[in-house]
Amino acid sequence: MSAAEPPPLLRAEGLVKSHRNGAVSIPAVRGVDLEVARGEFTAVTGPSGAGKSTLLHLLGGLQRPDQGTLALDGARVDGCSESQWAVLRRRRYGIVFQSGNLLSDLTVADNVELPALLCGMTARTARSRRTELLEQLGLEGTSDRGPSELSGGERQRVALARALVNEPDLLLADEPTGNLDSRSAREVLALLTRFHGQGRTIVLVTHDARVAGSADRVISLFDGRIADDARLSDPPAGPHPYGVRPVLELGD
Ligand code: ADP
């Protein structure tokens, strides 16, 4: 990297993470080096148990690596405290995990507006961002409902609106179109594409070929390691390490 070149938005080096299950240690991420440039849309694919969710948790500071380093804009963040991470996430990250992260006592409107208010947006801007996002996700009319009055797919989209409301630099999303009907999946993909088009960075886990096909880059994780890292603009040569090209060979 030349001195004039800015550091990547994210740089992970030698990330290793095992989960403990009683006395048993389960390796999930076994040595991942990854640089994500600002503005890049990266899809992470791979079979169940490959370590995709764990990697996403490590990149968002929601789990700590056993080994390795993580830098955001060139500054090490792996030594940050929980409260420093909470501030970083509030200001810079949008995060959507499969479990969703809605507050059950708040309406949809309040769930979406809250992160924006916590980030210092005015109530008026937060309201207008909320209205815009819910509309783009086909959720107009749900504002006054509680999360328990929504379908699983609706909750998932509200969680995405909540993650994007404070216009984060980086969106981390785990299967944002999983469990969605095709129309809702299209709305989510259109929103992600618009967000990316504004120069923002996305790292998402997906099994959805259409979503991965919209990315700049597809990383295949296998057994806790990066087995393939393909820019969609330059098609791969040779066979895939585990025999399938899940994304690149799937058409629309
Ligand atoms: P993926 O997202 O690719 O399905 P995960 O990161 O969820 O993979 O899981 C990687 C491995 O770590 C799997 O063997 C999984 O069972 C294990 N694992 C993930 N989370 C936990 C946890 N909280 N406790 C114990 N084992 C876990």
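Counting convention: from 1, in listed order, for ligands and their atoms alike. Only heavy atoms go into these numbers, but all of them, side chains included; no hydrogens, no water, no symmetry mates. Source: prediction; values computed, not measured.
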Asks: For atom 4 (O) of ligand 1, what's the nearest protein heavy atom and its distance?
Replies: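 Checking every protein heavy atom, the shortest distance to atom 4 (O) of ligand 1 gives G49 N, 2.7 Å.
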Asks: So which atom in L150 and which in R155 form the shortest heavy-atom distance, rounded to 0.1 Å?
Replies: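 That would be O-NH1, 2.9 Å.
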Asks: Any atoms of ligand 1 less than 4.0 Å from a non-hydrogen atom of P47? List them with their elements.
Replies: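 Listed by number with element: 3 (O).
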Asks: Between R231 and E40, does any side-chain N to carboxylate O distance fall below 4.0 Å?
Replies: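 Looking at R231 and E40, the cut-off is met.
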Asks: Between R20 and ligand 1, does any nitrogen or oxygen pair lie at a separation below 3.5 Å?
Replies: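 R20 vs ligand 1: no N/O contact under 3.5 Å.
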Asks: Taking all atoms of both residues into account, what is the closest heavy-atom pair of N111 and R162, and its distance?
Replies: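 Heavy atoms only, the tightest pair is O-NH1, 2.6 Å.
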Asks: Between the candidates H19, Q63, H57, which shows the shortest non-hydrogen contact distance to atom 22 (C) of ligand 1?
Replies: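 Shortest heavy-atom distance from atom 22 (C) of ligand 1: H19.
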Asks: Answer yes or no: is there an ion pair linking D110 with R130, defined by an N-O contact shorter than 4.0 Å?
Replies: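 Here D110 does not pair with R130 in a salt bridge, since their nearest N and O are not under 4.0 Å apart.
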Asks: Below 3.5 angstrom, do we get any N/O pair linking S53 and ligand 1?
Replies: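 In this structure, S53 places an N or O atom under 3.5 Å from an N or O of ligand 1.
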Asks: Of all the heavy-atom pairs spanning W85 and L59, show the shortest one and how long it is.
Replies: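 Closest heavy-atom pair between W85 and L59: CH2-O, 4.0 Å.
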Asks: Using protein heavy atoms only, decide if any is under 4.0 Å from atom 16 (O) of ligand 1.
Replies: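 Given the 4.0 Å cut-off, atom 16 (O) of ligand 1 does not count as touching protein heavy atoms.
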Asks: Among protein heavy atoms, which lies nearest atom 5 (P) of ligand 1, and at what distance?
Replies: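 Result for atom 5 (P) of ligand 1: T54 OG1, 3.7 Å.
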Asks: Is any N or O atom of G51, backbone or side chain, closer than 3.5 Å to an N or O atom of ligand 1?
Replies: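 Yes; at least one N/O pair falls below 3.5 Å.
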Asks: Can you sort out which atoms of ligand 1 are near A28, meaning under 4.0 Å from one of its heavy atoms?
Replies: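 Counting atoms of ligand 1 from 1, those under 4.0 Å from A28 are 10 (C), 11 (C), 12 (O).
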Asks: Indicate whether the side chain of S128 and that of T125 have a donor and an acceptor atom separated by less than 3.5 Å.
Replies: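 No - no donor-acceptor pair under 3.5 Å links their side chains.
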Asks: Assess, by modelled atom type and distance only, whether the side chains of D174 and H57 contain a donor and an acceptor separated by less than 3.5 Å.
Replies: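 Per modelled atom types, D174 and H57 side chains form no pair under 3.5 Å.
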Asks: Show which atoms of ligand 1 fall inside a sub-4.0 Å distance from at least one heavy-atom site of A50.
Replies: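 In order of numbering, the contacting atoms are 1 (P), 3 (O), 8 (O).
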Asks: Answer yes or no: is there an ion pair linking E175 with K52, defined by an N-O contact shorter than 4.0 Å?
Replies: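 Salt bridge flag = no for K52 with E175.
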Asks: Can you find a non-hydrogen atom of S48 under 4.0 Å from ligand 1?
Replies: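 It does, in that a heavy atom of S48 comes within the 4.0 Å cut-off of ligand 1.
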Asks: Any atom of ligand 1 sitting under 4.0 Å from a heavy atom of I26?
Replies: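 The answer is yes, since I26 has a heavy atom less than 4.0 Å from ligand 1.
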Asks: Could you tell me whether atom 10 (C) of ligand 1 has at least one protein heavy atom nearer than 4.0 Å?
Replies: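 So atom 10 (C) of ligand 1 has protein heavy-atom neighbours under 4.0 Å.
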Asks: Quick test of your reading of the model: are R91 and D169 salt-bridged, counting only N-O distances below 4.0 Å?
Replies: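 No, no charged N to carboxylate O under 4.0 Å.
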Asks: What residue and atom, counting heavy atoms only, is the protein's closest point to atom 3 (O) of ligand 1, and at what distance?
Replies: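 The protein heavy atom lying closest is K52 NZ, 2.7 Å.
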